[in-house]
Amino acid sequence: MTPDDVVVLIRDAVHRAVAAGDFVAELTDDAVVVERPKSREHGDYTSNIALRLAKSAGKPPRAIADAIAKALIEADGIASVDVAGPGFLNLTLAADSLGVIARSVVEQGRAYGTSSTLAGQNINLEFISANPTGPLHLGHTRWAAVGDAIGRVLTAAGAQVTREFYINDRGVQMDLFAASLQAAASGEPVPANGYHGEYIADLAAQVVAAEPEITRLNPQDQLLAFREGGYRVQLAQQQQVLDDFGTHFDVWYSERYLHSSGAVERGLNTLKEQGHTFTEDGALWLRTTDFGDDKDRVLIKSDGELTYFASDTAYYVDKRNRGFDVCIYLLGADHHGYVGRLRTVAACAGDDPESNIEVLIGQLVKIMRDGAEVRLSKRAGDIVTLTDFVAAAGVDAVRYSLSRYPADSPLTLDLGLITRRSPDNPVFYVQYAHARLSSLQRNAAELGIVRAPEPNLALLNHEREADLLGALAEFPRVVASAANLRHPHRVARYLEELAGIYHRFYDACRVLPMGDEPATDLTHARLWLCEATRVVLSNGLGLLGVSAPERM
RNA sequence: GCCCCCGUAGCUCAGUGGAUAGAGCAGUCGCCUUCUAAGCGAUUGGUCGCAGGUUCGAUCCCUGCCGGGGGCACCA
C-alpha cells in the first residue's frame, strides 16, 4: 500500500463518517495529507485531517478524529488506527500491505519514482550559459550539477525538458578576449581590461598551433582570427568538460544566431505589438515600469546599437515561439538584479510572469582550503575551474556535494574534506549502501539462491523492515516534490536517510543463511526487500547524475 | 537609498503550519568467530538572530529591527 493509497482510504473514511452524520465537512482534492511520522510510536502513517476539518465542522478535532478512525479501521490493510495528541490519526498498516511495496518497486525497476505530475509541460531549462571566453568556474559547476539534476527530476515527473546553453558569442567581451589572445601570442602585455588568466596564453598557443598562418596576418585580420579561433577552442573545451561531467545539453543556442536568424527583430516586433515600447532621446525603450520595474529599459541605444537587454528579451520571446510553456533560467547570484527585469519582459511580451517564466538564483559557493577561503576571480585568473574541482574530488563527489544543498542558499565547502575521499562526504555513505547491496546479491548468487517468484512479503514484519519499506514507498513523492519545487537536494537528503535505514536494517536483520542452513521464506522476502532498496538507491543516484557502484 | 539570499548544536547544513526541532562532522563510551566496520548502538551538545502579529498550533506565514553576504548602468 502506497501513501497515495492511504490518502484514498482516509478520504473514503471521511465520506463515510459524514454520511453517517458524525460531522459535516467538504473535502477539497488536496485536503488529505499523509506523512511518515517522525517517531516510530506514531505508526506507519499519520494524518492531520481531523485538525484541518475541526474549524469548519464546528466540532473538537478529537471527536472528528474518533469518527474517522471508526470508519477507517474497517478498511482492508489497516492494522490499527490511533487518535493521538490534539487529534492526529496514526495508522499502522498490516504487514502484508506494507510488504508488497518491495515487490512493486522491483517490478517497476528503473521506472520506480517517475510520475506524471508534470505531464504535458514543455519546459525550457537554461543553465550555465557561460561566455566562451574562459574555462567554466565554480559557479558554473554548481549549476552544472544542480541544473542537470533539476532536468533529470523534471523529466522523471513527466515533463518534457529541453536543456539549453546560451552562448554569449557577441559583444565587446569577445573583442577583449581577442585582444587578450593576440597580445599573449605575441608576448605583449594583456590589455588592462582584458582577460588575464593563465589559460589565455594556453588558448593563444592552441589557436596558433591550429592555424600557423595566423602570425602572418595583418593586425586587424589577426585580431578577428584570434577571436574566432579562440571562440572555437574555448567552446569546444567547455562542451568537452561538461560532457565528461555528465551534463548534456539538447540545444547550444548562439547569440549570433539569435541575431542572424531574425529572432531579435521578431522579438522586438512582438514587444511593439504588445504596446509597451516607446522612443525617447533617440533610443527605443521598453516600458518595464508598467510591470513593477523601478525604471524603464533601453532596447536600442541612441547610436542604433542593440543593448544586451534587447538580446535577452528577444531570446525569451524566441523560446516561447519555439513552443515552451515554461522557461526556467538558472542564474548566478551576480545576475539577481536581472530577475525582476526578465519577469517584466515576459509580462511585456503578453505572457504571465507567474507561470511562463521562472528564474532561480544560485548563491555563491565558497571554497575553504586549509581554513582559508579560495578566492575566485575569472578575469584575474585566480579561479577554481570545474576541471580542477573534478580532478581533486572526482565527478561523483563534486556532483553530489553540490546537489545535496538547495542552490538558492550560500554554500561553503571544505575542499580538504571533499578531496579526502573520506566518509565525511555523504556520497560515500549512500554509494556504500548500494555497494553493500550489490555484494549481498553476488553472495546470494554464489550460494545458488534465486529470488522466489512468489515471496511471502508479510514476513517482513521486523521494525527495521517496516522502516525500510515505508522509506521506499516515499520515493515517488520525494521525486515529485523535488520536481515541483526545483529542489533536487531533497532527493539527496532522502537517499542519505534511506541509506541509513538500510544500514540499520542490515545490522539487525541477517539476509543470507548462515553456513549450511537452507534459504527460508524469510530469506527470499528479504532478498526482495534488498533488491527494492538497491533499485531506489540506484534510481535516486541516477537523478543526481551520480554513479551507483557495485563495488567499493 | 532600493532589491535579493542568509541567520537553527562547537563546525557545515536539512527541516514548503503539526506531536519531544534533526543529520553529518567534532567530543565521550561500546560492538567485527560468517551477508563490505566506508557500518551499527549509546551519550554530550539548542533562548531556531531580536520583538510584535496571524493561528487550535509558528523554525516555517506577515510587519519592524539587528547582523552577514550579494546586486543596482543607454556594461556584457
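Within every chain, numbering begins at 1; the chains are lettered A, B, ... in the order of the sequence lines, protein sequences first and strands thereafter.
Phosphate contact (OP1/OP2 of B/A42, side-chain N/O of A/Arg504, threshold under 4.0 Å): absent. Listed pair A/Lys295 / B/C2 fails the phosphate criterion, with no side-chain N or O lying under 4.0 Å from OP1 or OP2. Between A/Arg526 and the phosphate of B/C35, there is no side-chain N or O to OP1/OP2 separation shorter than 4.0 Å. Of the side-chain N and O atoms in A/Lys301, one or more sit less than 4.0 angstrom from OP1 or OP2 of B/A76.
Comparing B/G7 with B/G49, their P atoms sit 8 Å apart, to the nearest whole Å. Atom C1' of B/G68 sits at a distance of 23 Å from the matching atom of B/C62, rounded to the whole Å. Separation of the P atoms belonging to B/U43 and B/C66 is 43 Å when rounded to the nearest angstrom. As rounded to the nearest Å, B/A26 and B/A38 have P atoms that lie 15 Å from one another. With P as the reference atom, B/G17 and B/C60 are 11 Å apart, rounded to whole Å.
Within the 4.0 angstrom heavy-atom criterion, no nucleotide atom of any strand lies near A/Arg62. Within 4.0 Å of A/Ala84, counting heavy atoms only, lies at least one base atom of the nucleic acid. A/Val511 comes within contact range of at least one nucleobase, with a heavy-atom separation under 4.0 Å. When heavy atoms are screened at a 4.0 angstrom cut-off, A/Asn90 is found touching base atoms of the nucleic acid. Among the protein residues, A/Cys530 comes within range of no part of the nucleic acid, since none of its heavy atoms lies under 4.0 Å from any strand. Contact annotation for A/Ala333: backbone-only contact, meaning every heavy-atom pair under 4.0 Å involves sugar-phosphate atoms and none involves a base. If you check every strand for non-hydrogen atoms under 4.0 Å, A/Glu41 touches a base. At a threshold of 4.0 angstrom between heavy atoms, the contacts of A/Thr46 include nucleobase atoms, whether or not backbone atoms are also involved. Residue A/Glu550 is in base contact, counting any heavy-atom pair closer than 4.0 Å across all strands shown. Across all strands, A/Tyr506 comes closer than 4.0 Å to base atoms (heavy-atom distances). Within the 4.0 angstrom heavy-atom criterion, no nucleotide atom of any strand lies near A/Asn168.
Across all strands shown, B/A21 forms no Watson-Crick or G-U wobble pair with both key distances under 3.5 Å. Taking a pair to require two hydrogen-bonding distances under 3.5 Å in either a Watson-Crick or a G-U wobble arrangement, B/U34 remains unpaired. B/U43 and B/G27 make up a base pair, with Watson-Crick or G-U wobble contacts both under 3.5 Å. Judged by Watson-Crick or G-U wobble contacts below 3.5 Å, the nucleotide B/G7 has B/C66 as its partner. For B/C2, the paired nucleotide is B/G71, the pair qualifying as Watson-Crick or G-U wobble because both relevant distances are below 3.5 Å.
Side-chain proximity of A/Val172 to the nucleotides B/U36, B/G18, B/A76 is greatest for B/A76.
Atom NZ of A/Lys38 and atom P of B/G22 are 7 Å apart (whole Å). We find that CD of A/Glu280 is positioned 12 Å from P of B/C74, with the value rounded to whole Å.
Base orientation of B/C32: syn (glycosidic angle within 90° of 0).
A cation-pi arrangement is present between A/Arg451 and A/Trp528 under the rule of less than 6.0 angstrom and at most 45 degrees off the ring axis.
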Trace of the salt bridge (Lys or Arg N to Asp or Glu O under 4.0 Å) decision for A/Glu497 with A/Lys38: CA-CA 12 Å; A/Glu497 194 189 323; A/Lys38 284 175 202 157; over 6 Å; no
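When only modelled atom types and interatomic distance are considered, A/Thr289 and A/Asp296 share a side-chain donor-acceptor pair under 3.5 Å.
By the side-chain hydrogen bond (donor to acceptor under 3.5 Å, both in side chains) test, A/Tyr315 is found to be paired with A/Glu164, residues two or more places apart in sequence or in another chain being considered.
Aromatic pair A/Phe127/A/His140: centroids not less than 6.0 angstrom apart.
Stacking between A/His42 and B/A19 is shown: the ring centroid lies under 5.5 Å from the centre of the six-membered base ring, and the planes differ by under 30°.
Looking at A/Thr313, its side chain does come within 3.5 Å of a backbone N or O of A/Phe309 through a donor-acceptor pair. Looking only at distances, a side-chain donor or acceptor of A/Arg493 sits under 3.5 Å from a matching main-chain atom of A/Arg404.
Within the structure, side chain to side chain donor-acceptor pair (under 3.5 Å) contacts touching residues 502-516 of chain A (residues at least two apart or in different chains) are A/Arg436-A/His503.
Residues A/His259 and A/Glu265 are not in side-chain contact: their nearest non-hydrogen atoms beyond the backbone lie 4.5 Å or more apart.
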Extract from the structure each pairing of a protein N or O with an N or O of nucleotides 11-17 of chain B at less than 3.5 Å, listing the distance.
residue : atom : partner  : partner atom : Å
B/U12   : O3'  : A/Thr412 : O            : 3.4
B/C13   : OP1  : A/Thr412 : N            : 2.5
B/C13   : OP1  : A/Thr412 : OG1          : 3.3
B/C13   : O2'  : A/Arg493 : NH2          : 2.9
B/A14   : OP1  : A/Ser409 : OG           : 3.1
B/G15   : OP1  : A/His489 : NE2          : 3.0
B/U16   : OP2  : A/Arg490 : NH2          : 3.1

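Counting atom types as modelled, A/Tyr338 pairs a side-chain N or O with a base atom of B/A76 as donor and acceptor under 3.5 Å.
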